[in-house]
Amino acid sequence: MDESGSASSPLRPVTVDGADADAALAKSRFLTREEVLRRRLRRVKQLGRCYRAHYWALMEEMRSKYRDYSWTYGKSPFKEGHNETDIDNQNGGGVPALGGADDIVRCRFSGCKTKAMALTTYCHSHILSDSKQRLYHGCRAVAKNLPTGPSFCNKPVLKTMVPPACPTHHQFGERCLARALRRAGLGNAIPSNRKPTVKLHVLVSEFVHQIQNKRKLALKETAPKVETE
């Protein structure tokens with residue numbers, strides 16, 4: 001990849017801008033401050049152009065690979081003309097592939113015909129069924145309160161997500177926070193651009209208040225009941 005960012009052109013050494021001027025001053029024992037600053041500025045500008053060319057070349061490569069990945073594993077339609085019997089025979093009775101010679105497989109979950117994610121045999125909705133995966137865990141938002149205990153949403157969420165909630169419950173949490181701030185007399189403290197303008201101590205106070213209420217309810221449930229005769 002040369003300075004222009006073309007990945008197909010052969011590699012060649014980069015020519016430093018102003019190399020002739022640098023060669024003329026190479027045998028000088030001392031340089032003035034202006035000469036040093038001019039040489040550094042010239043080289044920094046050339047280095048910046050080189051970095052930008054490499055950056056955009058990598059972006060183009062990533063865009064192309066992402067398009068291929070999305071088409072292969074996410075958005076391309078199923079191939080027609082292959083019934084379940086032929087598919088099972090081609091794969092030795094294992095996970096059915098979408099086409100004859102393709103390596104694409106369908107989700108192993110019972111009744112699911114969605115394409116499996118890369119390097120696994122489950123789709124995104126059923127990735128938690130894969131005991132070997134380490135990237136996802138279930139959404140910890142309470143979907144329903146049952147007599148036996150809370151029922152969690154458990155939709156796949158990346159472990160790096162904070163809080164560990166799916167997009168639906170994340171938006172629901174933001175709406176609850178906005179209502180709590182309005183009850184505190186702060187009005188619409190969270191604008192449409194999703195950048196909170198409320199002070200940090202107000203948020204901390206609200207969260208502490210909610211935590212204390214949860215602890216009080218937990219103590220009431222675990223406190224022994226006094227029997228009266």
Full working for side-chain contact (heavy atoms from CB on, under 4.5 Å) between Gln133 and Leu119 | CA-CA 10 Å; Gln133 68 88 20; Leu119 304 179; over 6 Å; no
Just by distance, do the side chain of Arg42 and the backbone of Asp17 share a donor-acceptor pair under 3.5 Å?
-> yes
Kindly give the heavy-atom pair with the smallest separation between Arg106 and Lys113, and that separation in Å.
-> CD-O, 3.4 Å
If two hydrophobic side chains count as joined below 4.5 Å and joins carry through other members, does Trp56 share a cluster with Tyr51?
-> no
How about Val36 and Arg33: do any of their side-chain heavy atoms sit closer than 4.5 Å?
-> no
Evaluate the side-chain contact (heavy atoms from CB on, under 4.5 Å) criterion for residues Ser125 and Cys112: first the C-alpha distance (whole Å), next the side-chain angles of each, then the deciding distance (0.1 Å), finally the verdict.
-> CA-CA 10 Å; Ser125 300; Cys112 181; over 6 Å; no
Please test Val157 against Cys166 for side-chain contact (heavy atoms from CB on, under 4.5 Å), starting from the C-alpha separation and ending with a verdict.
-> CA-CA 6 Å; Val157 180; Cys166 62; 4.2 Å; yes
Compare all side-chain heavy atoms of Arg39 with those of Leu31 and state whether any distance is below 4.5 angstrom.
-> yes
His170 side chain near Pro163 side chain, heavy-atom distance below 4.5 Å = yes
Is the closest basic N to carboxylate O distance between Arg63 and Glu60 below 4.0 Å?
-> yes
Nearest-0.5 Å distance, SG of residue Cys123 to CZ of residue Arg108 | 12.5 Å
Should the pair Arg38-Glu34 be classified as a salt bridge under the 4.0 Å nitrogen-to-oxygen rule?
-> yes
Drop me the distance from Lys216's NZ to Ile211's CD1, to the nearest 0.5 angstrom.
-> 13.0 Å
Report the distance from atom NZ of Lys45 to atom CZ of Arg49, rounding to the nearest 0.5 Å.
-> 8.5 Å
Give the ring-plane orientation class for His126 versus Phe109, where under 30° counts as parallel, over 60° as perpendicular and anything between as tilted.
-> parallel
Considering non-hydrogen atoms only, spot the tightest contact between Pro164 and His137 and give its length.
-> CB-NE2, 3.7 Å
Out of curiosity, Thr120 OG1 to Tyr136 OH, how far, rounded to the nearest 0.5 Å?
-> 10.0 Å
At what distance, to the nearest 0.5 angstrom, does CG of Asp130 lie from SG of Cys107?
-> 10.0 Å
Worked verdict on Leu158 versus Met161 for side-chain contact (heavy atoms from CB on, under 4.5 Å) | CA-CA 6 Å; Leu158 286 172; Met161 290 291 295; 4.1 Å; yes
Shared ILVMFWY cluster between Leu135 and Val162, side chains joined below 4.5 angstrom?
-> no
dist Arg134:CZ -> Lys159:NZ (nearest 0.5 Å) comes out at 6.5 Å
Following the transitive rule for hydrophobic clusters with a side-chain heavy-atom cut-off under 4.5 Å over Ile, Leu, Val, Met, Phe, Trp and Tyr, establish whether Met62 and Tyr55 coincide in one cluster.
-> yes
With side chains defined as the heavy atoms from C-beta onward, is the minimum distance between Asn154 and Cys139 less than 4.5 Å?
-> no
Short side-chain to backbone donor-acceptor contact, Glu35 and Thr32, under 3.5 Å = yes
So if you build clusters from Ile, Leu, Val, Met, Phe, Trp, Tyr with side-chain heavy-atom gaps below 4.5 Å, do Phe152 and Ile127 land together?
-> no
